[in-house]
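These notes are about the structure you will find just below.
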There are 2 protein chains.
Amino acid sequence: MAPKTAVYTDRLRKAGLRPTRQRVALAQLLFGRGDRHVTAEGLHEEAAASGVTVSLATIYNTMHQFTRAGLLRDVTVDGARTYFDTNIGDHHHFYCEDDGTLMDIDGAAIAVAGVPTPPHGAKVDRVDVIVRLKRR
Amino acid sequence: MAPKTAVYTDRLRKAGLRPTRQRVALAQLLFGRGDRHVTAEGLHEEAAASGVTVSLATIYNTMHQFTRAGLLRDVTVDGARTYFDTNIGDHHHFYCEDDGTLMDIDGAAIAVAGVPTPPHGAKVDRVDVIVRLKRR
DNA sequence: ATTCTTCCTTAGAATGATTCTAAACTGTTG
DNA sequence: CAACAGTTTAGAATCATTCTAAGGAAGAAT
Ligand SMILES: [Mn+2]
Ligand SMILES: [Mn+2]
Ligand SMILES: [Zn+2]
Ligand SMILES: [Zn+2]
């Protein structure tokens with residue numbers, strides 16, 4: 001299939017990011033195939049496999065910039081590594097501790113009731129629900 | 001106040017852990033003053049401040065052993081560091097991203113409804129709710 | 001198109017939390 | 001008091017992530 005770089009170039013510009021060769025390539029890898037949970041190392045390998053030369057430093061820089069721009073979201077479930085999530089809609093996660101797998105749970109499916117009023121001077125930024133799984 | 005080491009010696013024995021000088025001292029620091037969220041480095045400093053000589057390696061070993069024994073629980077909210085929680089009852093957390101503060105939310109207060117059936121071969125181990133806060 | 005300015009990329013070093021190693025030490029049991 | 005298994009620890013090693021500083025590329029100006 002033809003590489004529709006124009007789509008990503010545009011998306012990056014709208015997010016206030018220069019559409020550099022690296023950013024466009026990474027955007028393509030990240031957003032070109034549905035919702036995904038990716039680690040920096042994982043994306044680095046994917047890039048290499050698809051013939052794109054990008055340093056690991058740039059992978060980290062880019063993922064953080066995308067996150068700041070709202071194109072990506074980070075998910076903290078493990079401490080050992082950071083996952084980046086291409087699904088930026090309202091949703092939660094299943095996390096399988098055994099194999100490190102992350103799966104989405106639609107935000108509309110889960111209801112969290114009874115969250116207390118935040119302490120003085122603070123406001124709720126986001127409510128994360130992590131359903132931790134174990135092999136049966 | 002008198003150091004009631006006997007209480008902790010006993011608790012450790014019941015958990016199948018030898019009550020060594022270090023473990024008893026750390027148990028005392030951890031469990032002697034209500035519910036707390038502590039990092040390894042934090043506990044290390046506390047130990048030093050209270051005149052107890054313990055290596056950082058032992059702090060890590062001990063915290064993990066306590067966790068495996070069910071005396072402690074780990075909380076992953078930040079990726080940069082692991083928090084250990086002396087509150088092992090059913091509860092959730094407020095996490096203030098600005099200053100790294102963790103606060104308990106009673107488990108009975110929050111209700112999570114609509115958690116989908118776990119994928120085949122997996123069972124729910126625990127459901128964590130993290131209410132992320134930002135300065136208003 | 002060339003120049004200019006600003007932003008971006010990157011190799012490699014640095015960081016920092018956590019884990020590992022292997023040797024010395026201690027609790028427990030007989 | 002042995003004697004063994006379980007513990008502690010200094011210091012090295014890991015490993016994900018961040019930092020630095022120098023060269024490269026994108027956009028605006030000329
Ligand atoms: Mn929801
Ligand atoms: Mn509950
Ligand atoms: Zn997700
Ligand atoms: Zn807690």
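Throughout, a chain's letter reflects where its sequence line sits, starting with A, and its residues are numbered from 1.
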Do any side-chain nitrogens or oxygens of R23(B) fall under 4.0 Å of OP1 or OP2 in dT7(D)?
yes
Between C1' on dA16(D) and CZ on R81(B), what's the gap in Å once rounded to a whole number?
16 Å
Euclidean distance, atom CG of residue N61(A) to atom C1' of dT20(D) [Å, nearest integer]
12 Å
OP1 or OP2 of dT9(D) less than 4.0 angstrom from a side-chain nitrogen or oxygen of Q22(B), does that happen here?
yes
Which is it for K123(B) and D125(B) under the salt bridge (charged side-chain N to carboxylate O under 4.0 Å, His left out) test, yes or no, and what are the steps along the way?
CA-CA 6 Å; K123(B) 68 180 216 299; D125(B) 178 48; 5.3 Å; no
How do A57(B) and A80(B) order along DNA chain C: which one's closest nucleotide is nearer the 5' end?
A80(B)
May I ask you to evaluate whether Y60(B) reaches the phosphate of dT19(C), defined as a side-chain N or O under 4.0 Å from OP1 or OP2?
no
D85(A) and H91(A): CA distance, side-chain angles, deciding distance, side-chain hydrogen bond (donor to acceptor under 3.5 Å, both in side chains) verdict
CA-CA 11 Å; D85(A) 195 340; H91(A) 73 287; 2.9 Å; yes
Euclidean distance, atom CE of residue M63(A) to atom P of dT18(D) [Å, nearest integer]:
12 Å
Between P of dT18(C) and CG of L56(B), the distance in whole Å
9 Å
Counting only side-chain nitrogens and oxygens, does H64(A) get under 4.0 Å of the OP1 or OP2 atom of dT18(D)?
yes
Within the structure shown, what part of the strands sits under 4.0 Å from T82(B) by heavy-atom distance: base, sugar-phosphate, or nothing?
sugar-phosphate
Given atom CG of L17(B) and atom C1' of dA5(D), what is their separation to the nearest angstrom?
14 Å
Which is true for T53(B) with a 4.0 Å heavy-atom rule: it touches a base, it touches only sugar-phosphate, or it touches nothing?
sugar-phosphate
Could you state the CG-C1' distance from D74(B) to dA17(C), rounded to the nearest angstrom?
15 Å
Decide yes or no, distance alone: a donor-acceptor N/O pair under 3.5 angstrom between the base of dT6(C) and the side-chain of R18(A).
yes
Within the pair R21(A) and dG24(D), is there a side-chain N or O less than 4.0 Å away from OP1 or OP2?
no
From CG of D78(A) over to C1' of dA17(C), roughly how many Å is that when rounded to an integer?
14 Å
Give the nucleotide from the list dT10(C), dG27(D), dT19(C) with an atom nearest to the side chain of S55(A).
dT10(C)
Please report the shortest heavy-atom distance between I130(A) and Y95(A), naming the atom on each side.
CG2-CB, 4.1 Å
Under 4.0 Å from OP1 or OP2 of dA26(D): is there any side-chain N or O of R13(A) that close?
no
Could you tell me if R23(A) sits above the aromatic ring of Y8(A), with its cationic atom closer than 6.0 Å to the ring centre and no more than 45 degrees from the axis?
no
Looking at every strand, decide which applies to T20(B) at a 4.0 Å heavy-atom threshold: base, sugar-phosphate, or nothing.
sugar-phosphate
Examine the side chains of H64(B) and D74(B) and answer whether a donor and an acceptor come within less than 3.5 Å of each other.
no
